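First up is the structure itself, then whatever we jot down about it.
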Amino acid sequence: MEGRKRGSSFGKGLACGILFSVLVLSIGGCAAVYFRGLGRTAGSEEAKVDTKIRELETYIDQYYLFDYEDEDVENGIYKGLMAGLGDIYTSYYTPEEYESFMETTYGSYCGIGAMLSQDVTTGIITVVQAFEGTPAAEAGLQPGDILYQVEGEEVTGQDLTLVVTDLKGEENTEVHIGIVRDGEILEMTLTRKNIEIPTVDYELLEDGIGYIAISEFEDLTDDQFMEAFEDLKSQGMEKLIIDLRNNGGGLVDVTCNILDQLLPEGTIVYTEDKYGERQTEYSDAEHYFDGEMAVLVNGNSASASEIFAGAIKDYGVGTLIGTQTYGKGIVQSLFRLEDGSAVKITVSRYYTPAGNNIHEVGITPDIVLEYDESAGTDNQLERALEVLRDS
């Protein structure tokens with residue numbers, strides 16, 4: 001899109017839904033030094049923090065039963081600092097966690113091949129999808145399974161990104177997990193494999209209707225979308241269904257790149273930060289899909305998916321079908337620190353072209369339709385086909 005650079009602070013904003021909750025014990029003067037470096041305390045308040053850290057260190061040295069690593073305690077200080085902000089989407093990553101996170105963002109990694117989601121209220125992590133041909137699918141993981149344990153450690157309430165990091169590792173190594181299915185606890189051992197993340201699937205349906213499913217908006221998704229989009233047009237596509245069900249979000253700039261191909265000229269989304277500064281992403285006049293569209297959404301369609309759905313709805317260029325979306329209307333940016341670690345911080349609210357912020361609200365589809373598992377067919381997709389045939 002003209003005038004927009006990949007990698008801008010807004011464009012690389014991460015719109016993923018993640019829970020973070022950590023209890024931290026601090027040791028030595030590290031925390032006090034860190035606070036001073038941030039300029040968050042001064043004078044007597046600074047001395048109070050330093051004194052308390054020293055007091056905690058005394059009790060740890062005198063009574064704590066187990067051995068520990070200084071590095072783990074130091075990382076706990078930084079994680080605790082970010083957790084203390086009370087924002088479930090703001091967190092700290094060690095250099096190893098950051099590297100693992102970026103591997104997933106850029107499209108491939110060694111892991112189990114499952115898409116997970118997390119309830120921000122309960123912290124419960126569930127399986128959304130086990131990708132075909134991956135260790136997760138081979139082990140029999142099913143949508144709705146609750147992931148409660150990784151390598152013997154309970155993961156409910158942990159930062160989802162860090163849980164995913166624990167599931168990844170060297171190829172052909174094993175990871176032990178515990179799941180809950182229908183009230184029964186099951187233990188599984190999976191062997192990690194190299195996973196190429198499939199983010200776009202497509203086919204030409206009857207009556208010249210194209211179908212493109214986007215599972216998440218990652219670094220290569222816009223390129224994959226364009227390949228699918230151009231191929232469908234070459235096959236005679238006149239109308240289009242875009243499936244964003246269970247798409248938990250991803251990179252904002254990738255989402256905007258795709259919307260630029262579909263929308264008329266104008267605002268795609270804009271953000272406002274704590275200072276009231278606004279940044280706007282635009283679609284240009286060069287590309288515009290003038291065929292009828294339908295977009296499928298559900299309660300797991302979050303963040304970047306809601307930017308997509310909100311723009312389609314506000315411009316009136318497509319019909320939203322499904323159930324109320326997740327409701328995440330804030331944007332995170334990732335900042336790499338000098339030592340290779342990183343922090344992910346909520347930096348702004350985003351607004352749809354009509355000026356709606358849908359945080360903790362979601363987007364109501366034009367046609368509200370629950371998915372009927374007993375129907376024997378995808379009733380939401382069938383409704384989309386009906387809408388486009390009749391348009």
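Everything numeric here is computed off the predicted structure, so don't read it as measured data.
T94 meets the side chain to side chain contact (heavy atoms under 4.5 Å, CB included) test with N75, K79, Y92, E96, E97; sequence neighbours excluded. Shown here are the side chain to side chain donor-acceptor pair (under 3.5 Å) partners of T189, two or more places apart in sequence or in another chain: there are none. Applying the side chain to side chain donor-acceptor pair (under 3.5 Å) rule to Y211 yields the partners D243; only residues at least two apart in sequence or on another chain are considered. Listed by chain and residue number, nothing satisfies the side chain to side chain donor-acceptor pair (under 3.5 Å) test with E238 (two or more places apart in sequence, or in another chain). Evaluation of the side chain to side chain donor-acceptor pair (under 3.5 Å) rule for E153 yields Q158 as partners, not counting sequence neighbours. For the side chain to side chain contact (heavy atoms under 4.5 Å, CB included) test, no residue two or more places apart in sequence or in another chain qualifies with V361. D378 meets the side chain to side chain contact (heavy atoms under 4.5 Å, CB included) test with R245, Y371, Q380, L381; sequence neighbours excluded.
Between the side chain of D273 and the backbone N or O of Y275 there is at least one donor-acceptor pair closer than 3.5 Å. For T156 (side chain) and I124 (main-chain N/O), no donor-acceptor pair under 3.5 Å exists by modelled atom type. The closest donor-acceptor contact from the side chain of K193 to the backbone of T134 lies at 3.5 Å or more, if one exists at all. At distances below 3.5 Å, at least one donor-acceptor pair connects side-chain atoms of T173 with backbone N or O atoms of E170. Although no hydrogens or angles enter the test, the distance criterion places no donor-acceptor pair under 3.5 Å between the side chain of Y93 and the main chain of L162. Remark: side-chain polar atoms of D145 are paired, donor with acceptor, to backbone N or O of Q142 under 3.5 angstrom. One N or O on the side chain of R192 and one on the backbone of E174 form a donor-acceptor pair closer than 3.5 Å. Without hydrogens or angle criteria, H359 side chain to G329 main chain gives a donor-acceptor distance under 3.5 Å. Judged by distance alone, the side chain of D339 and the main-chain N or O of S341 form a donor-acceptor pair under 3.5 Å. E265 places no side-chain N or O within 3.5 Å of a backbone atom of D284 that could act as its donor or acceptor partner.
Looking at heavy atoms from C-beta onward, I242 lies out of side-chain contact with I312 at the 4.5 angstrom threshold. A heavy-atom distance below 4.5 Å is not found between the side chains of Y78 and L337. By the 4.5 Å heavy-atom criterion applied to side chains, P365 and I321 are not counted as neighbours. Contact check for D166 versus V155: no side-chain heavy atoms found under the 4.5 Å cut-off. Taking the side chain as every heavy atom from C-beta outward, T323 and L369 never approach each other to under 4.5 Å.
What you find for E171 and C110 is that their closest heavy atoms are CB-SG, 3.7 Å. Minimum heavy-atom separation, L262 to L240: CD2-CD2, 4.3 Å. Residues R349 and N357 come closest through the heavy atom pair CB-ND2, 3.8 Å. Minimum interatomic distance between C256 and V269 (heavy atoms only, all atoms of both residues): SG-CG1, 3.9 Å. Taking every heavy atom of both residues into account, N379 and D372 meet most closely at OD1-N, 2.9 Å. What you find for A342 and Y98 is that their closest heavy atoms are CB-CD1, 3.4 Å.
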request  = Test I358 against T325 for side-chain contact (heavy atoms from CB on, under 4.5 Å), laying out the working first.
outcome  = CA-CA 9 Å; I358 51 79; T325 62; 5.5 Å; no
inquiry  = For a side-chain hydrogen bond (donor to acceptor under 3.5 Å, both in side chains) check, start with the C-alpha distance between Q324 and T364, then their side-chain angles and the critical distance, and finish with the verdict.
reply    = CA-CA 5 Å; Q324 192 83 359; T364 302; 2.7 Å; yes
ask   = Can you list the steps and then say if Y68 with I60 is a side-chain contact (heavy atoms from CB on, under 4.5 Å)?
value = CA-CA 10 Å; Y68 59 87; I60 293 171; 4.0 Å; yes
query = For T346 and Q332, what are the C-alpha separation, side-chain angles and deciding distance, and is it a side-chain hydrogen bond (donor to acceptor under 3.5 Å, both in side chains)?
reply = CA-CA 4 Å; T346 299; Q332 286 70 48; 2.8 Å; yes
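Summarising the geometry, atom CD belonging to E71 is positioned 8.0 Å from atom CD belonging to E69; distances are rounded to the nearest 0.5 Å. Between the CD atom in E46 and the OG1 atom in T51 there is a gap of 10.5 Å [rounded to 0.5 Å]. From I307, atom CD1 reaches atom CZ of F217 across 9.0 Å, with rounding to the nearest 0.5 Å. Distance CG/L190 to CD1/I177: 5.0 Å, rounded to 0.5 Å. Between atom NZ of residue K313 and atom CG of residue L320 there is a gap of 6.5 Å, rounded to the nearest 0.5 Å. Atom-to-atom distance recorded for K233:NZ and F289:CZ is 8.0 Å, nearest 0.5 angstrom.
Cluster membership for I112 and L116, using ILVMFWY side-chain heavy atoms within less than 4.5 angstrom, is shared. Hydrophobic clustering (ILVMFWY, side-chain heavy atoms < 4.5 Å, transitive): I258 and M226 are in one cluster. Hydrophobic clustering, with ILVMFWY side chains joined whenever heavy atoms are under 4.5 angstrom apart, keeps M237 apart from I241. F308 and L263 fall within the same hydrophobic cluster, where Ile, Leu, Val, Met, Phe, Trp and Tyr residues are linked whenever their side-chain heavy atoms come under 4.5 Å apart, directly or through other members. Taken together through direct or relayed side-chain contacts under 4.5 Å among Ile, Leu, Val, Met, Phe, Trp and Tyr, L259 and I214 form part of one hydrophobic cluster.
In this pair, F225 and F229 present their aromatic rings parallel. The plane angle is below 30°, not in the 30 to 60° band. The aromatic rings of Y351 and Y270 sit parallel, their planes meeting at an angle under 30°, below the 60° perpendicular limit.
Think of M115 as one node in a network of Ile, Leu, Val, Met, Phe, Trp and Tyr side chains linked at under 4.5 Å; its network also takes in V128, F131. Cluster partners of Y59, using a side-chain heavy-atom cutoff of under 4.5 Å among ILVMFWY residues and allowing indirect links, are Y63.
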Tell me which donor-acceptor pairs under 3.5 Å the side chains of residues 383-391 have, and how far apart each pair is, sequence neighbours excluded?
| from | atom 1 | to | atom 2 | distance (Å) |
| --- | --- | --- | --- | --- |
| R389 | NE | D207 | OD2 | 3.0 |
| R389 | NH2 | E206 | OE2 | 2.5 |
| S391 | OG | K239 | NZ | 3.3 |
| S391 | OG | L388 | O | 2.7 |

Exercise answer: donor-acceptor pairs, residues 198-205 side-chain atoms, under 3.5 Å, sequence neighbours excluded:
| from | atom 1 | to | atom 2 | distance (Å) |
| --- | --- | --- | --- | --- |
| T199 | OG1 | T221 | OG1 | 3.2 |
| T199 | OG1 | Q224 | OE1 | 2.3 |
| Y202 | OH | D231 | OD2 | 2.5 |

Just distance, no hydrogens or angles: give the donor-acceptor pairs under 3.5 Å from side chains in residues 292-300, sequence neighbours left out.
| from | atom 1 | to | atom 2 | distance (Å) |
| --- | --- | --- | --- | --- |
| N298 | OD1 | N246 | N | 3.0 |
| N298 | OD1 | N300 | N | 3.0 |
| N298 | OD1 | S301 | N | 3.3 |
| N298 | OD1 | S301 | OG | 3.3 |
| N298 | ND2 | N246 | OD1 | 3.1 |
| N300 | ND2 | N246 | OD1 | 3.0 |

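Side chains of E272 and S348: no donor on one and acceptor on the other come within 3.5 Å.
Residue E154 qualifies as enclosed at atom CD: its count of foreign heavy atoms under 6.0 Å is above 12.
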